[in-house]
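All figures in this text were calculated on a predicted structure; none of them were measured in a lab.
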Amino acid sequence: MYKNLTKLTYESLQHSKNYFSLGHKLLSTQLKNVVYPTVGRVKPASPEAIAKLQNRLNLLIEADWQDSQKGIYPESVLFDNQWADFFVNYPLLWLDLPQVWERITQGRYQDFSSTTDQGGYPSYYLQNFHHQTDGYLSESSANLYDLQVELLFGGAADPMRRRILAPLKRGLQKFQGISQKQIRILDVACGTGRTLKLMRSAMPEASLFGTDLSPAYLRKANQILSENPGELPQLLQANAEELPYLDNYFHAVTSVFLCHELPAAVRQTVIEQCFRVTKPGGVFIICDSIQMSDSPEFAEMMNGFSKMFHEPYYKHYTTDDLVERLEKAGFENIETQIHFLSKYFIAYKPA
């Protein structure tokens, strides 16, 4: 009885977040169409596509619940929501929207404030991804990011992130003879640290590491991760094209929502760097967007996404063969999974 009630509460929470996200999108779109009628009008999704998306969301929620019951992560993680940040940042998100719409109107996609330090970053990174003010290079962007992603994914961003935890723990079983505290896991492009926080809840003793290009996002990650008990992950500002670690150093490496924001050649370089730093027998897991090959029914949605959210490298990503890229780098036994709007690549470095 208790489990049924807990499951119902979790499902209700997730569906409520989904309805809230849909309401936000509807209201913000209607307001945008009044204030900026020429900005980014898109064709609504068909009833068939909406039904398929809802079915995928239901399957994701069920998989999330089942993993918690299998002990992949504690049940309490399902209810870990940043409510304080939501109430502070949601009004700020609305206040930021006029700037976003103005930039879209003027076609300014590499627009940064005069106080933003742009030195030392690769040119492909200096973008207003998602039309975010100051891209990934400001405190305000870091504060709004998680909320923006939650709204984009209908409240399902964390359940999608959590889908890496089961294959991650399965991949680490090869190192059972090693103390948990000696297990080293790297999250490449860790952003605000949400994925690392989920890892910590599932593996409280593992040594966690994270890299990101943005100092603002690393500061936000440090804030979020300090809320969790246990040793803080070691965070470094670094370009994933040249990871500052020894060869064969990590038992596992992850990358969440990174590949679609990289040019094709850089995508290959980053995968090769992840191979280099992974131990023989170790696992590398990518979580990113669905692709045309696995979700052709959402082709129209994927084709419009890059323009709607200023994702200049996304269109190429949707047709890119990441399995081939992983094999070229040296990975083997590559498995793929689909959960809601995300695709997962689980690959192993030969022992």
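Considering only residues two or more places apart in sequence or on other chains, Gln14 meets the side chain to side chain contact (heavy atoms under 4.5 Å, CB included) condition with Tyr10, Lys17, Ile61, Pro159. With sequence neighbours excluded, no residue forms a side chain to side chain contact (heavy atoms under 4.5 Å, CB included) with Pro98.
Residues Ser141 and Ser138 have side chains that never bring a donor and an acceptor to within less than 3.5 angstrom of each other. Of the N and O atoms on the side chains of Ser289 and Tyr317, not one donor lies less than 3.5 Å from an acceptor on the other residue. For the residue pair Glu261/His130, the side-chain donor-acceptor check at 3.5 Å is satisfied. A donor atom on one side chain and an acceptor atom on the other are found under 3.5 Å apart for Tyr73 and Asp64. At a cut-off of 3.5 Å, with distance as the only test, a side-chain donor of Arg276 or Gln273 sits close to an acceptor on the other residue.
Relative to the six-membered ring of Phe275, Lys349 meets both conditions, a distance below 6.0 Å and an angle of at most 45° to the axis.
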#### Entry: Check against salt bridge (Lys or Arg N to Asp or Glu O under 4.0 Å), Lys7 and Glu62
CA-CA 9 Å; Lys7 183 179 182 182; Glu62 179 64 23; 2.9 Å; yes
- Task: List the steps and the verdict of side-chain contact (heavy atoms from CB on, under 4.5 Å) for Ile286 and Cys259.
- Result: CA-CA 8 Å; Ile286 295 172; Cys259 282; 4.1 Å; yes
Derivation of the side-chain contact (heavy atoms from CB on, under 4.5 Å) call for Gln54 and Asn18: CA-CA 10 Å; Gln54 186 60 55; Asn18 183 241; 4.0 Å; yes
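The backbone N or O of His131 lies less than 3.5 Å from a partner atom in the side chain of Arg103, making a donor-acceptor pair. Looking at Asn33, its side chain never comes within 3.5 Å of a backbone N or O of Pro37 through a donor-acceptor pair. No donor-acceptor pair closer than 3.5 Å links the side chain of Ser306 to the backbone N or O of Lys315.
Not less than 6.0 angstrom separates the ring centroid of Phe257 from the ring centroid of Phe129.
At most 12 heavy atoms of other shown residues, nucleotides or ligands fall within 6.0 angstrom of atom CD in Glu300.
No side-chain heavy atom of Lys279 sits less than 4.5 Å from a side-chain heavy atom of Lys174. The side-chain heavy atoms of Leu93 and Gln148, taken from C-beta on, include a pair separated by under 4.5 Å.
Between Arg267 and the options Asp321, Asp288, Asp320, a salt bridge (Lys or Arg N to Asp or Glu O under 4.0 Å) holds for only Asp320.
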